[in-house]
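Report on the structure given below.
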There are 2 protein chains.
Amino acid sequence: MDPSRHADALRAAQMYYLQDLTMDAIARELRTSRSTVSRLLSSARDSGLVQVQIRNPLDTAPELEGLIRRRYGVDVHVVPVVETLNEAETLDRVAMQAARTFGPLVDSNAIIGVAWGSTLSAVSRHLTRKITHDSVIVQLNGAGNMHTTGITYASDIMRRFGSAYGARVEQFPVPAFFDHAATKTAMWNERSVQRILELQAKMSIAIFGVGSVDADYPSHVYAGGYLDENDLKILAGSDVVGDVATVFFRSDGSSDGIVLNERSTGPALSELRQVRRRICVVSGVSKINGLKGALAAGLATDLILDEATARRLVDLEGMATSSR
Amino acid sequence: MDPSRHADALRAAQMYYLQDLTMDAIARELRTSRSTVSRLLSSARDSGLVQVQIRNPLDTAPELEGLIRRRYGVDVHVVPVVETLNEAETLDRVAMQAARTFGPLVDSNAIIGVAWGSTLSAVSRHLTRKITHDSVIVQLNGAGNMHTTGITYASDIMRRFGSAYGARVEQFPVPAFFDHAATKTAMWNERSVQRILELQAKMSIAIFGVGSVDADYPSHVYAGGYLDENDLKILAGSDVVGDVATVFFRSDGSSDGIVLNERSTGPALSELRQVRRRICVVSGVSKINGLKGALAAGLATDLILDEATARRLVDLEGMATSSR
DNA sequence: CTCCGTTCTGCACGTTTGTGCATAGTGCTT
DNA sequence: AAGCACTATGCACAAACGTGCAGAACGGAG
């Protein structure tokens, strides 16, 4: 963009947001029209110059948030949505709020791990720009399958993240699942793969949704042709409730002995837990069982979810809790 | 405030600022009128729930800011104001932007030192609320003089800071200057005074303006009856250019041998320099000489000033300095 | 220099938002 | 229970704002 235009946008933003002048007054000071100021301000907003944050002190948080925070030890953001909205609209609004909530966390020199799926796809469409330096977006797990490369879908997500934050994008060009564990072992020794794995090991932020085996309409992982019938049968027989980045777990958060994980390409749960900020985005009550498993596994430090799911999360919980 | 109203304000703010709904749409979801939503949002704004920040990456900063930042090693915020504005209007806008700029820096458990004067008074009128815990506002220097207690003026400033941040206010009930250095020594051994001094020693943020001896209309310090003719004569004879919190310095930033400082109640420059964040607010080109001295003394880590003064600061600079 | 495609600008209009005012509600006092 | 003081609400109007459109300005290419 024209640099003098950027300077004007900055001045306008300062005058509008910090000095409470009207656009009209700003237009006079900048010797231009009010409509130009309006446009300058919107360019300031979506170039990340202006950042709006909602910061609610913990002790005045709605009790729903307080309950989840205390029970699961995660930093939670409940997205207010009315019940009457359909799944797609809810997802869209959760995604928009999620994008804006973690936007401020992104900083220069960050290494950001990003999963893929319908949730992340929605999130990626609502990112607000923010200029950073030397940041890297790294793909958490492979996206190919036996029918399509799957690359375009996942890579669109990655590309959007990259351009929003001015970051380098590192794709992970492997299938979502290997057919044979031995192939994975072999590939994991390839230097091209190791470069990605090393980046993943240094992630400062990871962003992912959850898959839930019994979701109303199941995640890509279960329906997208990534797994064959035999695989699904194995899953069903091992108490698996869901996955994060194609790594499966049970409702108690355990993942040992799930053979499919030996062929999947996402980071092991223990590796994921090493990441400082782990942001989980969930929309839709039908993901509740997967979500519970993920929380039991301690996979998230930050949880962004819609109100209905949040409510279900505390209501359906069996154990006796503090009332109010 | 009514807690359910606070909850509504939070919901409304999330929907408005994070989901881009119109107030109309929010009103329908909250089953209330649009005007109520408008009011909820403004209460969310000025209760500090919504925070707007302008974050400009250093490498796209206007060159004026870059120059000052590099030359003086301070984090600088230039407030855009047109030349045609009078002093009072300029001060008002600088103060408003200053208040909103350092608002985000204030946090729980902070100990905030605040000076007094016309600049700080203006700033205090524009603070945006922010709820913190166990924060303390501590007065940097005494405010009494031989004519009035001066307390109401300074204490108004303190009170506004305290209520904006929900912080305890610790006044410093001593005159601005003692008549005799010996009295100061004696008072400094009083436990009531020591309590304040100890707080000052633990400050995490200090906020102050600068006085300039040759300002068009001089600061309260020089004109408010705090100093008698003899004092002013001494000042004139010792190359003093300005003061911060009633402690004087020369244009090279030195303050040794200025006898008046032995009777003044503000923190010694060396003590002030211990504070992590030291925010200096300046409005009006006539303060330029005082400001230069303060910068030479390395008193500020953050500088907020109007555009005209900023420009003067880089233009008039004769020497090739890089002091700190 | 002229042409053409692109970007920027201001206008005009419709939409969205802020606010004074009258009314309804709420809680406290007696 | 009634009265009173204070606050919250919705209405209606005015102010502020966003945006499609047509023309102006700009920036190469020939």
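In what follows, chains are A, B, ... by sequence order, proteins preceding strands, each numbered from 1. These numbers come from a predicted model, not from an experiment.
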Close N/O contacts between protein and nucleotides 14-20 of chain C (under 3.5 Å):
{"unit_1": "C:dT17", "atom_1": "OP1", "unit_2": "B:Y16", "atom_2": "OH", "d": "2.9"}
{"unit_1": "C:dT17", "atom_1": "OP2", "unit_2": "B:M23", "atom_2": "N", "d": "2.9"}
{"unit_1": "C:dG18", "atom_1": "OP2", "unit_2": "B:S38", "atom_2": "OG", "d": "2.9"}
{"unit_1": "C:dG18", "atom_1": "O6", "unit_2": "B:R34", "atom_2": "NH2", "d": "2.8"}

Item to check | By side-chain contact (heavy atoms from CB on, under 4.5 Å) - contacts of A:F102 (at least two apart) | outcome: A:L105, A:V106, A:V123, A:L127, A:F161, A:Y165, A:I207, A:I279
Checklist entry - Given atom CD1 of A:I26 and atom C1' of D:dA16, what is their separation to the nearest angstrom? => result 12 Å
Checklist entry - Can a side chain N or O of B:T32 be found less than 4.0 Å away from OP1 or OP2 on D:dG10? => result yes
Next on the checklist: Can you list everything that forms a side chain to side chain donor-acceptor pair (under 3.5 Å) with A:Y16? Sequence neighbours excluded, please.
Outcome noted: none
Item to check | Residues forming a side chain to side chain donor-acceptor pair (under 3.5 Å) with A:T309, sequence neighbours excluded | outcome: A:D306
Item to check | Between D:dA8 (P) and B:L40 (CG): distance, integer Å | outcome: 10 Å
Item to check | Interatomic distance, B:L30 CG vs D:dT9 P [rounded to whole Å] | outcome: 11 Å
Between the protein and nucleotides 22-27 of chain C, which nitrogen or oxygen pairs come in under 3.5 angstrom?
none

Item to check | Non-hydrogen side-chain atoms of A:L305 and A:V281 separated by less than 4.5 Å | outcome: no
Next on the checklist: Nearest whole Å is fine: how far is C:dT9 C1' from A:D8 CG?
Outcome noted: 13 Å
Next on the checklist: So B:T36, base contact, sugar-phosphate only, or nothing? Heavy-atom distance under 4.0 Å.
Outcome noted: sugar-phosphate
Checklist entry - Which pairs, with at least one residue in residues 15-38 of chain A and sequence neighbours excluded, count as a salt bridge (Lys or Arg N to Asp or Glu O under 4.0 Å)? => result A:D20-B:R100, A:E29-B:R93
Checklist outcome for this item: A:R159 meets the salt bridge (charged side-chain N to carboxylate O under 4.0 Å, His left out) criterion, sequence neighbours left out, with A:D156
Checklist entry - Which residues pass the side chain to side chain donor-acceptor pair (under 3.5 Å) test with A:T101, sequence neighbours left out? => result none
Item to check | Partners passing salt bridge (charged side-chain N to carboxylate O under 4.0 Å, His left out) against B:R11 (at least two apart in sequence or in another chain) | outcome: A:E307
Checklist entry - How would you list, by chain and number, every residue that makes a salt bridge (charged side-chain N to carboxylate O under 4.0 Å, His left out) with A:R125, sequence neighbours excluded? => result none
Next on the checklist: With rounding to the nearest 0.5 angstrom, report the CE to CG distance, B:M158 to B:L120.
Outcome noted: 9.5 Å
Item to check | salt bridge (charged side-chain N to carboxylate O under 4.0 Å, His left out) involving A:R55 - partner list, sequence neighbours excluded | outcome: none
Checklist entry - End-to-end bend of the helix from C:dC1-D:dG30 to C:dT30-D:dA1 (five-pair axes, 10° rounding)? => result 30°
